[in-house]
Every structure is written in C-alpha cells, then in structure tokens.
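Report on the following structure.
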Amino acid sequence: ARLNSDATAVLYCTYFGGAGTDWAMCIKLDSTGGAYIGGLTQSTDFPVHEAFMSLPAGSFDGFVTRFKSDLATIVFSTYLGGSGQDAVHSIAVDGSNCAYVTGTTAGGGFPVTADAFAPVFGGGTSDGFVTCFSPAGGVRYSTFVGGAGADVGHGIAVDALQRAYVVGQTGSSDFPATSGAWSTSLGGADDVT
C-alpha cells in the first residue's frame, strides 16, 4: 500500500501472493521510486516474473519482488530458497538499484554462487545468507553466513562501495569472526552478529 504524506488516504493498494500463506517482511524503495519487497511464501502459484527461481524448492521459500514506481508493474519476482524453510528478512538497495537481501535458510539446496564466501551450509537448524540481485533480477552473488549452530540474518545495509553490512543472531561458536574483532567468541547461547 502507498499512503499520502500525512497518512490520511491510500493512494494505491493491492493484493500480492498466491493460494498459500504469504508474508511480506521487508520493503525498500529504489532510486526510480519503485519498490523491492521480500518475505516468505508457501504458495506454489506465487506470482513469478523474469524469475531466478520460477518454482518453489521447499515448503516455505523466501521471495524477492521488484515493482516499478506505479506499483502495478513487476520488473521481476522470484522464489529464493532450498528444500527447507527459508525467509527474506531485510533488503538494502545500492545506487545502481541492485538489491541485497538477508534472512534465514535451513540449507538443503539453497542457491549459492561458486565464488561465495561460504558455499556450504554451516549446520544447525539455520544459516543466515546474503544474496545480491541485479536490477533486472539476475543473481550477482549468494552466500551462506553462519556456523554449526542456528544463525539468522535480520538486517542489511549497503554502502557507496557496494559492501554489504549484515546484522543478526548466532548460536554458533564457530561463527566466522575476524581476528581483531571486538569479540571473537560466543558470549552466550545466542549473540548478535
């Protein structure tokens, strides 16, 4: 939905989804006034267009959709997930209108690129992930972020040099902390990352 500037009127509002459960969990505007949305879907008939993944891979998959500024035209819409439960929790958009998404995946076939920082699922019940989409919907890169415990990506930002910054939580004692970091060991059952 698009509201006017003082939230006294709805300028545009639409349904979006399929026959199953669909949750939009994040939204980010691009420089054209268009909108990226992400979340999770259980719908096998979720509206895909110019999709990186045109079919669901598991019972719940993440999704990423980019609308033009009229909010009625889809640039691309795709599933994002593997055979387990997956969700997109946050989106950032850079100056070139590439979208960076993070969330959670249960592993099993989640699409990662060959040159990924972490091309293998870390273990536990979930890993975080970072996937970067081009403005037309192609995947520039996709990687797991996590260790042997449960990990989740909750938020993402991108700077002017197209470097992604991700926050979330981890239960992994082997989370890839860098040397010289503020803390290099897990402080409790779950830490923020």
Could you tell me whether a side-chain N or O of [X] sits under 3.5 Å from a main-chain N or O of [Y], the two making a donor and an acceptor?
{"X": "Thr102", "Y": "Gly155", "answer": "no"}
{"X": "Asp127", "Y": "Gly122", "answer": "yes"}
{"X": "Thr170", "Y": "Ser172", "answer": "yes"}
{"X": "Ser142", "Y": "Thr131", "answer": "no"}
{"X": "Asp94", "Y": "Gln162", "answer": "no"}
{"X": "Ser126", "Y": "Ala106", "answer": "no"}
{"X": "Thr104", "Y": "Gly128", "answer": "no"}
{"X": "Arg66", "Y": "Ser77", "answer": "no"}

Can you see which heavy atom on [X] is nearest to which on [Y], and at what distance?
{"X": "Ala148", "Y": "Asp174", "result": "N-OD1, 2.8 Å"}
{"X": "Ile91", "Y": "Ile156", "result": "C-CG2, 3.7 Å"}
{"X": "Ala57", "Y": "Gly81", "result": "CB-O, 3.7 Å"}
{"X": "Ser134", "Y": "Phe76", "result": "O-CE2, 3.9 Å"}
{"X": "Asp151", "Y": "Gly146", "result": "OD2-CA, 3.3 Å"}
{"X": "Cys26", "Y": "Val88", "result": "SG-CG1, 3.9 Å"}

Can you get from [X] to [Y] by hopping between Ile, Leu, Val, Met, Phe, Trp and Tyr side chains that sit under 4.5 Å apart?
{"X": "Val93", "Y": "Val166", "answer": "no"}
{"X": "Leu71", "Y": "Phe63", "answer": "yes"}
{"X": "Phe144", "Y": "Val64", "answer": "yes"}
{"X": "Tyr100", "Y": "Ile27", "answer": "no"}
{"X": "Val152", "Y": "Phe121", "answer": "no"}

Subject >> Pairs flagged by side chain to side chain donor-acceptor pair (under 3.5 Å) wherever residues 35-44 is involved - sequence neighbours left out >> reply: Thr21-Gln42, Asp22-Thr41, Asp22-Ser43
Original post:
Remaining members of Leu3's ILVMFWY cluster at a side-chain heavy-atom cut-off under 4.5 Å?
Top reply: Val10
Subject >> Side-chain cluster (under 4.5 Å, hydrophobic types only) that Phe60 belongs to, other residues >> reply: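 Under the 4.5 Å side-chain rule, Phe60 groups with Trp23, Met25, Leu40.
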Original post:
Are Tyr141 and Phe117 close enough that their ring centres sit under 6.0 Å apart?
Top reply: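 Not close enough - the centres of the two rings lie 6.0 Å or further apart.
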Original post:
Is there a side chain to side chain contact (heavy atoms under 4.5 Å, CB included) between Val130 and Thr143 once you walk through the steps?
Top reply: CA-CA 5 Å; Val130 176; Thr143 185; 4.2 Å; yes
At what distance, to the nearest 0.5 angstrom, does [atom1] of [X] lie from [atom2] of [Y]?
{"X": "Gln85", "Y": "Thr105", "atom1": "CD", "atom2": "OG1", "answer": "10.0 Å"}
{"X": "Lys28", "Y": "Ile37", "atom1": "NZ", "atom2": "CD1", "answer": "15.0 Å"}
{"X": "Tyr79", "Y": "Ser54", "atom1": "OH", "atom2": "OG", "answer": "8.5 Å"}
{"X": "His49", "Y": "Thr78", "atom1": "NE2", "atom2": "OG1", "answer": "11.5 Å"}

Subject >> Mutual orientation of the aromatic rings belonging to Phe129 and Phe110 [parallel < 30°, tilted 30-60°, perpendicular > 60°] >> reply: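 The rings of Phe129 and Phe110 sit tilted, inter-plane angle from 30° to 60°.
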**OP:** Can you label the angle between the His89 ring and the His154 ring as parallel, tilted or perpendicular, going by 30° and 60°?
**Re:** parallel
Subject >> Evaluation steps, side-chain hydrogen bond (donor to acceptor under 3.5 Å, both in side chains), between Tyr165 and Asp159 >> reply: CA-CA 8 Å; Tyr165 297 73; Asp159 68 16; 2.9 Å; yes
Subject >> Sole residue of Val139, Asp86, Asp61, Val101 in side-chain contact (heavy atoms from CB on, under 4.5 Å) with Leu80 >> reply: Val101
Original post:
Could you walk me through whether Phe67 and Tyr12 pass the ring pair (Phe, Tyr, Trp, His ring centres under 6.0 Å) check?
Top reply: CA-CA 13 Å; Phe67 285 93; Tyr12 180 85; 8.1 Å; no
**OP:** Please examine the side chains of Pro47 and Phe16, heavy atoms only from C-beta on, and report whether any two atoms are closer than 4.5 Å.
**Re:**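 A side-chain contact under 4.5 Å exists here.
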**OP:** Starting from the C-alpha separation in whole Å, work towards a yes-or-no answer on side-chain hydrogen bond (donor to acceptor under 3.5 Å, both in side chains) for Asn97 and Ser31.
**Re:** CA-CA 7 Å; Asn97 292 322; Ser31 66; 3.0 Å; yes
